[in-house]
Amino acid sequence: AFDMFNYAASYFGDPDGQSDLVERFTTAADGTFSTTYTPWDRGRFLLALDTSEDPFLAPASAQSALVHVHHAAAFTAFSATRTDAAAVHVEGLIDFTDGFTPATILVHVQYSADGTRWSDLTTVEAYWGGNGSDFAADVEGSGPGHYRAVFEGGDSFQDAVTESVFVDG
């Protein structure tokens with residue numbers, strides 16, 4: 001049996017930057033193949049077919065749609081404590097466990113009187129502190145209710161939300 005495309009290679013990476021060789025393989029007689037690969041960051045798969053052994057066939061390649069990888073993000077600590085009749089101090093840690101960290105880590109401090117409808121009170125930046133990225137805020141004019149922290153990961157990171165903490169009036 002004659003294989004139309006004897007050899008193929010697949011790559012993964014940023015079309016404008018670094019790419020990894022996923023696998024070189026020989027296609028089945030019907031031209032099919034399979035491979036397993038876990039992307040390390042966003043990018044595209046590229047399939048390149050080598051037809052150099054047949055002068056009547058032109059080489060070919062195809063590119064996939066953009067693949068998004070959402071890197072791990074998790075809060076590892078959070079507390080909310082009343083500091084006076086009209087202020088609450090919140091602080092915590094957020095960690096990125098797979099080796100990728102956003103350039104800017106914005107944490108939204110949210111409030112809810114009933115624990116179901118949330119509104120942003122402030123947004124603070126978290127900075128590396130040795131055991132994760134630390135953040136803290138003093139929220140003035142805060143009444144009794146539930147407080148939590150939220151990280152919105154966008155296209156590259158997972159979203160993360162702390163458990164809510166109830167602070168009495």
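Everything quoted here is computed from the prediction, not taken from an experiment.
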**Student:** Please report the closest heavy-atom contact between Ala137 and Thr122, naming both atoms and the distance.
**Tutor:**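 Taking Ala137 first and Thr122 second, the nearest heavy atoms are CB-CG2, 4.0 Å.
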**Student:** Under a 4.5 Å cut-off applied to non-hydrogen side-chain atoms, are Val67 and Phe45 in contact?
**Tutor:**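 Sidechains of Phe45 and Val67: in contact.
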**Student:** Surrounding CD of Glu163 (heavy atoms of other residues, nucleotides or ligands, distance under 6.0 Å), is the total greater than 12?
**Tutor:**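 No - once you tally the heavy atoms of other residues, nucleotides and ligands closer than 6.0 Å, there are 12 at most.
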**Student:** Ignoring hydrogens, what is the shortest heavy-atom contact between Arg44 and Ala65? Give both atom names and the distance.
**Tutor:**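 In terms of heavy atoms, the two residues are closest at NH1-C, 3.5 Å.
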**Student:** For the rings on Phe157 and His70, is their centre-to-centre separation under 6.0 Å?
**Tutor:**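 Centroid distance Phe157-His70: not below 6.0 Å, so no.
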**Student:** Using only atom types and a distance under 3.5 Å, with no angle test, would you say the side chain of Asp120 pairs donor to acceptor with the backbone of His108?
**Tutor:**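 No, because the side chain of Asp120 does not come within donor-acceptor range (under 3.5 Å) of the backbone of His108.
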**Student:** For Phe135 versus Glu125, what's the shortest heavy-atom pair and its separation?
**Tutor:**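 Shortest heavy-atom separation between Phe135 and Glu125 comes out as CB-O, 4.4 Å.
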**Student:** Determine whether the aromatic ring centres of residues Tyr37 and Phe12 are separated by less than 6.0 angstrom.
**Tutor:**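 Close enough - the centres of the two rings lie under 6.0 Å apart.
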**Student:** Could you tell me whether a side-chain N or O of Arg42 sits under 3.5 Å from a main-chain N or O of Gly13, the two making a donor and an acceptor?
**Tutor:**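 Pair absent, no side-chain N/O of Arg42 close to backbone of Gly13.
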**Student:** So Asp98 and His71, side chain to side chain donor-acceptor pair (under 3.5 Å) or not? Walk me through it.
**Tutor:** CA-CA 7 Å; Asp98 64 1; His71 297 289; 3.1 Å; yes
**Student:** Would the number of heavy atoms belonging to other residues, nucleotides or ligands and lying under 6.0 Å from CG of Asn131 be above 12?
**Tutor:**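 No.
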**Student:** Is a side-chain N or O of Asp114 found less than 3.5 angstrom from the main chain of Thr116, in a donor-acceptor match?
**Tutor:**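 Side chain of Asp114 to backbone of Thr116, a donor-acceptor pair under 3.5 Å: yes, one is there.
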**Student:** Indicate the atoms forming the closest heavy-atom contact of Ala72 with Thr97, along with that distance.
**Tutor:**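 Result for this residue pair: CB-OG1, 3.5 Å.
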**Student:** State, yes or no, whether a side-chain contact exists between Arg148 and Trp118 at a heavy-atom distance under 4.5 Å.
**Tutor:**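 Result yes, sub-4.5 Å side-chain heavy-atom pair found.
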**Student:** So, Tyr111 side chain and Pro144 main chain: donor-acceptor pair closer than 3.5 Å or not?
**Tutor:**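 Present.
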**Student:** Kindly indicate, with the supporting measurements, whether the criterion side chain to side chain donor-acceptor pair (under 3.5 Å) is fulfilled by His89 and Thr81.
**Tutor:** CA-CA 5 Å; His89 177 78; Thr81 311; over 6 Å; no
**Student:** I need the Asp138 CG to Asp84 CG distance, nearest 0.5 Å.
**Tutor:**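 Answer for the CG-CG pair, Asp138 versus Asp84, is 9.5 Å.
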**Student:** At what distance, to the nearest 0.5 angstrom, does CG of Leu106 lie from OG1 of Thr123?
**Tutor:**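 So the gap between those two atoms works out to 7.0 Å.
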**Student:** Distance from Glu140 atom CD to Leu121 atom CG, nearest 0.5 Å?
**Tutor:**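 If I round to the nearest 0.5 Å, the distance is 11.5 Å.
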**Student:** With rounding to the nearest 0.5 Å, note down the distance linking CG in Leu46 to OH in Tyr11.
**Tutor:**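 Here the rounded value is 7.5 Å.
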**Student:** Scan Thr76, Thr101, Ile105 and name whichever one has a side-chain contact (heavy atoms from CB on, under 4.5 Å) with Ile94.
**Tutor:**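 The single option meeting the side-chain contact (heavy atoms from CB on, under 4.5 Å) with Ile94 is Ile105.
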**Student:** Can you name the nearest heavy-atom pair linking Pro39 to Val69, along with the distance?
**Tutor:**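 Looking at all heavy atoms of both residues, the shortest contact is CB-CG2, 3.8 Å.
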**Student:** Between the main-chain N or O of Ala48 and the side-chain N or O of Ser61, is there a donor-acceptor pair closer than 3.5 Å?
**Tutor:**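 Checked: no pair found.
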**Student:** Is the distance from the ring center of Phe151 to that of Phe96 below 6.0 Å?
**Tutor:**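 So the answer is yes for these two rings.
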**Student:** For Ala126 versus Ser133, what's the shortest heavy-atom pair and its separation?
**Tutor:**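 For Ala126 versus Ser133, the nearest heavy atoms are CB-CB, 3.9 Å.
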